[in-house]
Amino acid sequence: MDLNRGGRQCPLCHGHFVADYHIDQNRSYLHCSTCSLVFVPSDQQLDPADEKAVYDLHQNAADDSCYRKFLSRLTAPMGERVKPRSHGLDFGCGPGPTLSVMMEQQGHQMALYDIYYADYPDVLEQPYDFITSTEVVEHLANPREELDGLWALIRPGGYLGLMTKLVVDQHSFASWHYKNDPTHISFFSVATFNYLAELWEANIEFIGADVIILRK
Ligand SMILES: [Zn+2]
C-alpha cells in the first residue's frame, strides 16, 4: 500500500494523521494533527522550472531600503545573539543577496546557498555559528530533510534564525494572501516550530510576528 498516496503524508513529521484544512480555486491544503504543519499535497505543487519562473519575478536588491528594513527584523536580533566575527550561512539567499551583506556589515563572515541562484553544495558541508533563512521554509517540499540538514551544520550553542509568516487559525487561513503564492507550499505555526524545538531539544524564541530563532 502506498502510504503517501496523493502526497498526504506530512512532509515535516512524516505522520499520517492529516486532514483537509482548506481548498481554493488553485489547490487544497492539508493540516497535520501531530506537528500542525499546513501543506499543499505534493501532486499539486509546481515543478521546479515553473517555480523558478515565479522566483525570477522577485527582484530584491541590497540597496533597497525597504527590503533591508524588512530583513532587519531578523538581522537585528541575530546580531544581538551571535558572538563578534561569527561565521554564518544565508540559506536560500535568492538572486540578490542582501541579508548576508547586512550581517557582514556587523562584522560577520557569510557563506551563501540557494538552489537556484547560488548552488554551491560545498557550503552545505561546513559548520556554522549561525544560519539564517528568510522567506524560505514556506517553499520547502521536504522541510524535515532540509531543516534537519541545516540544524546538523550548526555548532553547539549556535543559532538558526528563520523568517516566515505563521498560520494563525483555519478561519484566517481562508482569506490569507500568503497562501496564494503558488510557490508557498509549507505553512508553519507557533505549534509547528515548538514541535521542531522539542524534536531538536532546542531553545526557541518567537520575535515579533514572523521571526523564529532556535538555539542549539
Ligand atoms: Zn506533521
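If you're wondering where the values come from, they're calculated on a predicted model, not measured in any experiment. Starting from 1, each residue takes its place in the sequence as its number.
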Problem set entry | Pro121 side chain near Val123 side chain, heavy-atom distance below 4.5 Å | no
Seminar exercise, completed: In short, Leu150 meets Leu89 closest at the heavy-atom pair CD2-CD2, 4.4 Å
Exercise. Using 30° and 60° as the class limits, which term best fits the ring planes of Tyr113 and Phe91: parallel, tilted or perpendicular?
Worked result: parallel
Exercise. Any donor and acceptor pair, going by atom type alone, linking the side chain of Glu138 with main-chain N or O of Thr164 inside 3.5 Å?
Worked result: no
For this session: Quick one: do Leu12 and Leu196 satisfy side chain to side chain contact (heavy atoms under 4.5 Å, CB included)? Show the steps, please.
Result: CA-CA 9 Å; Leu12 186 65; Leu196 265 184; 4.3 Å; yes
Exercise. Quick check: does any side chain N or O of Thr192 sit under 3.5 Å from a backbone N or O of Cys35, one acting as donor and the other as acceptor?
Worked result: yes
For this session: List the steps, then state whether side-chain hydrogen bond (donor to acceptor under 3.5 Å, both in side chains) holds for Tyr117 with Asp56.
Result: CA-CA 10 Å; Tyr117 303 104; Asp56 286 341; 2.5 Å; yes
Problem set entry | Cluster companions of Leu46 among Ile, Leu, Val, Met, Phe, Trp, Tyr (side-chain spacing under 4.5 Å) | Val54
Exercise. What are the two closest heavy atoms between Ser186 and Leu140, and how far apart are they?
Worked result: OG-O, 2.7 Å
Exercise. Looking at CG of Asp114 and OH of Tyr120, how far apart are the two atoms once the value is rounded to the nearest 0.5 Å?
Worked result: 10.0 Å
Problem set entry | Nearest heavy atoms of Thr132 and Met78, plus distance in Å | CG2-CE, 4.1 Å
Exercise. If you draw the axis of the six-membered ring of Trp200, does the NZ or CZ of Lys216 fall within 45° of it and under 6.0 Å from the ring centre?
Worked result: no
Problem set entry | Min side-chain heavy-atom separation Asp24-Asn180 under 4.5 Å | yes
Problem set entry | SG on Cys10 to CZ on Arg144, rounded to 0.5 Å | 9.0 Å
Problem set entry | Main-chain N/O of Tyr159 paired with Arg215 side-chain donor or acceptor, under 3.5 Å | no
Problem set entry | Geometric class of the His22/Tyr29 ring pair [parallel <30°, tilted 30-60°, perpendicular >60°] | tilted
Exercise. Would the number of heavy atoms belonging to other residues, nucleotides or ligands and lying under 6.0 Å from CD of Glu198 be above 12?
Worked result: no
Exercise. Would you find a donor on one side and an acceptor on the other, under 3.5 Å apart, between the side chain of Arg27 and the backbone of Lys179?
Worked result: yes
Exercise. Side chains of Glu135 and Asp181: does their closest heavy-atom pair fall under 4.5 Å?
Worked result: no
Problem set entry | Short N-O contact, Asp20 and Arg8, less than 4.0 angstrom | yes
Exercise. So, do Leu147 and Trp151 sit near enough that their side-chain heavy atoms are less than 4.5 Å apart?
Worked result: no
Problem set entry | Phe17 reachable from Leu37 in the ILVMFWY side-chain graph, under 4.5 Å edges | no
Exercise. Could you go step by step and tell me if Ser36 and His31 meet the side chain to side chain contact (heavy atoms under 4.5 Å, CB included) rule?
Worked result: CA-CA 6 Å; Ser36 299; His31 175 267; 4.0 Å; yes
Exercise. Got Phe130 and Arg81 here, is their nearest side-chain heavy-atom distance under 4.5 Å?
Worked result: no
Problem set entry | Stepwise side chain to side chain contact (heavy atoms under 4.5 Å, CB included) test for Asp90 and Met103 | CA-CA 10 Å; Asp90 188 27; Met103 293 307 288; over 6 Å; no
Exercise. Do you know which two heavy atoms are closest between Met102 and Ser72, and how far apart they sit?
Worked result: CE-N, 3.9 Å
Problem set entry | Single-linkage hydrophobic cluster Ile23~Phe39, side-chain heavy atoms < 4.5 angstrom | no
For this session: Would you check if the side chain of Tyr21 reaches a backbone N or O of Gln170 as a donor-acceptor pair within less than 3.5 Å?
Result: yes
Problem set entry | Hydrophobic cluster identity match, Leu153 and Leu112, side-chain contacts under 4.5 Å | no
Seminar exercise, completed: Which of His87, Arg155, Arg85 passes side chain to side chain donor-acceptor pair (under 3.5 Å) with Asp129? Answer is Arg155
Seminar exercise, completed: The reported gap from CD1 in Ile212 to CZ in Phe188 (rounded to nearest 0.5 angstrom) is 9.0 Å
Exercise. What closest approach, in Å, do Tyr195 and Thr34 show between heavy atoms, and which atom pair accounts for it?
Worked result: CD1-O, 4.2 Å
For this session: Search all heavy atoms of Pro97 against all heavy atoms of Ser100 and return the closest pair with its distance.
Result: CB-OG, 3.7 Å
Seminar exercise, completed: In this structure, CG of Leu162 is separated from CG of Leu74 (nearest 0.5 Å) by 8.0 Å
For this session: Could you tell me whether the side chain of Thr98 and the main chain of Gly96 form a donor-acceptor pair under 3.5 Å?
Result: yes
Exercise. Rounded to the nearest 0.5 Å, what separation is found between the CZ atom of Phe206 and the CG atom of Leu214?
Worked result: 7.5 Å
Seminar exercise, completed: Per side chain to side chain contact (heavy atoms under 4.5 Å, CB included), Ser189 is matched among Val168, Val167, Asn194 by Val167
Exercise. Rounded to the nearest 0.5 Å, how far does CG of Leu30 lie from CZ of Phe187?
Worked result: 11.5 Å
Exercise. When clusters are formed by joining ILVMFWY residues with side-chain heavy atoms under 4.5 Å apart, either directly or through shared neighbours, do Ile207 and Leu99 land in the same one?
Worked result: yes
Problem set entry | Verify same cluster id: Phe70, Ile213 (apolar side-chain graph, 4.5 Å) | yes
For this session: For Gln126, look at atom CD and say whether over 12 heavy atoms of other residues, nucleotides or ligands are found less than 6.0 Å away.
Result: yes
